[in-house]
Amino acid sequence: MRLTVSIDENSGFCFGVINAIRTAEEYLNKNKTLYCLGDIVHNNEEVKRLTMLGLKIISHQEFSVLKSTTVLIRAHGEPPSIYQIAKQNNITLIDATCPVVLRLQKRILEEYRNNLNNKQILIFGKKGHAEVVGLLGQTNNTGIVISSIDDLEQIDYSKPSKVYSQTTQSLEQFYEIVETIKRRYKKQSLQFFLEFEDTICRKVSLRAQQIAEFAKQHDLILFVTGEKSSNGLYLSNICKNNNPKTFIISNPIQLNSIDFSNVATVGICGATSTPMWLMKQIADECSKFSEI
Ligand code: SF4
């Protein structure tokens, strides 16, 4: 069967990632190397491409011993401690923190600084994720990260709380967690103790609705993402729920293990960290699986 392959036009880099990559490319046009603190994007193929241009990904441990150099901060942002180390070690930071993340960091910092009534700051997100580490840093690491229902045990329900969300979390799960916390406060007749702010990036939540439709329209879905991408996991699960024939891949070689028999239409989509060039490469490779 001849395959018809389409790429989801809403997939690919969001503006936060585009800005970080453009910033790195512009710097590397004029300089040989640039350090980047952590993966610039959760996609190995794109990291490989930028590494060839001179980008050097460094860990936080490596960063702490660098002196008098230039380091790029990626779209996820960093906690205040990183800016302090940079100052002490004469490191010039090129800050490509996404404006949406930056706004959220400022909101949490303000809440933390003006906290007059001992409010607990809760962050709904993935423990250890770079963005969450940056957000938690605004509270001097006193905030509570909520990754699952079990984490709700850490809340002191005799004190007020305010919930924020990592920008790439699921809107549905955020409201579910807020409702669960509300119920726990209600048990003590203290529901007014809970405030929440939906700080989910609409680049991800709007994509969720679009990708569900896209997944339904094809016989088989190839979801292209790196393993570390939070929104990759979230969006690929939406694809799976709407099309059981969804395969998660990160490069064209993995196409060899997919059965394309009885498939007429293939839809290719990805996360906010998936480069369009990679989805195009995979689309080109797919043509090899058409039966003549
Ligand atoms: S997903 Fe949204 S918040 Fe995150 S980098 Fe992209 S635009 Fe910024």
Side-chain angles (χ1 to χ4, degrees), residues 8-26 36-47 50 55 57 71-79 82 93-110 123-138 143 145 147 163-175 196-212 214 223-239 269-279:
D8 173 28
E9 57 181 32
N10 296 304
S11 285
F13 293 154
C14 59
F15 64 81
V17 173
I18 290 173
N19 174 55
I21 291 173
R22 193 188 297 132
T23 307
E25 284 173 337
E26 278 170 11
C36 176
L37 187 49
D39 285 345
I40 188 166
V41 58
H42 291 317
N43 188 284
N44 286 344
E45 302 304 313
E46 182 65 4
V47 170
L50 292 163
L55 193 73
I57 307 291
V71 177
L72 179 84
I73 303 269
R74 60 189 166 173
H76 289 321
E78 289 293 339
I82 291 298
L93 292 178
I94 301 179
D95 197 344
T97 305
C98 170
V100 179
V101 176
L102 207 56
R103 220 176 302 133
L104 175 55
Q105 286 186 346
K106 281 187 185 153
R107 253 147 64 192
I108 294 179
L109 182 64
E110 253 170 54
I123 298 163
F124 174 57
K126 193 173 161 190
K127 276 182 199 143
H129 186 283
E131 182 192 322
V132 174
V133 172
L135 299 178
L136 201 58
Q138 311 304 318
V145 180
S147 296
V163 198
Y164 295 90
S165 177
Q166 179 185 352
T167 57
T168 48
Q169 286 295 315
S170 143
L171 211 49
E172 214 183 322
Q173 285 172 10
F174 173 71
Y175 282 100
F196 64 91
E197 220 174 292
D198 164 7
T199 50
I200 291 167
C201 173
R202 290 315 189 246
K203 280 278 153 207
V204 179
S205 59
L206 288 176
R207 209 169 267 192
Q209 295 161 16
Q210 293 157 342
I211 222 159
F214 183 79
F223 192 93
V224 187
T225 185
E227 283 167 15
K228 292 187 219 158
S229 168
S230 274
N231 75 85
L233 179 69
Y234 167 53
L235 295 171
S236 62
N237 278 333
I238 293 176
C239 285
C269 49
T272 54
S273 50
T274 307
M276 188 50 83
W277 64 260
L278 182 59
M279 288 187 280

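For ligands, and for the atoms within them, numbers begin at 1 and follow the listed sequence. Position 1 is the first residue of the sequence, and the numbers go up from there. Because only heavy atoms are used, hydrogens play no part in the values below, and waters and symmetry mates are left out as well, while side chains stay in.
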S.K.: Can R74 and D39 be counted as an ion pair, charged N to O under 4.0 angstrom?
M.R.: no
S.K.: Does CD in E25 sit with more than 12 non-hydrogen atoms of other residues, nucleotides or ligands closer than 6.0 Å?
M.R.: yes
S.K.: Can you tell which part of V204 has a heavy atom less than 4.0 Å from ligand 1: side chain, backbone, both or neither?
M.R.: side chain
S.K.: So, 2.8 Å as the limit: is an N/O/S atom of C201 located closer than that to atom 2 (Fe) of ligand 1?
M.R.: yes
S.K.: Number the atoms of ligand 1 from 1 as they appear, then name those within less than 4.0 Å of a heavy atom of V100, with their elements.
M.R.: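 It comes down to these atoms of ligand 1: 3 (S).
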S.K.: Should you measure from each heavy atom of T167, which atoms of ligand 1 turn up under 4.0 Å away?
M.R.: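 Selected atoms, number and element: 3 (S), 4 (Fe).
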S.K.: Return the option from A96, C98, G16, G77 holding the heavy atom at the smallest distance from atom 8 (Fe) of ligand 1.
M.R.: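 The nearest heavy atom belongs to C98.
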S.K.: Suppose we measure from atom 6 (Fe) of ligand 1 to each protein heavy atom; which comes out shortest, and what is that distance?
M.R.: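 Checked against all protein heavy atoms, atom 6 (Fe) of ligand 1 sits closest to C14 SG, 2.3 Å.
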S.K.: Taking the side chain as every heavy atom from C-beta outward, state whether I21 and L50 have any pair of such atoms under 4.5 Å apart.
M.R.: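 They are in contact (side-chain heavy atoms under 4.5 Å apart), so the answer is yes.
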S.K.: What orientation do Y175 and F196 show, parallel under 30°, tilted 30 to 60°, or perpendicular over 60°?
M.R.: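 Y175 and F196: perpendicular rings.
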S.K.: Check whether more than 12 heavy atoms from other residues, nucleotides or ligands sit under 6.0 Å from atom CD of E172, and answer yes or no.
M.R.: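 No, not enclosed.
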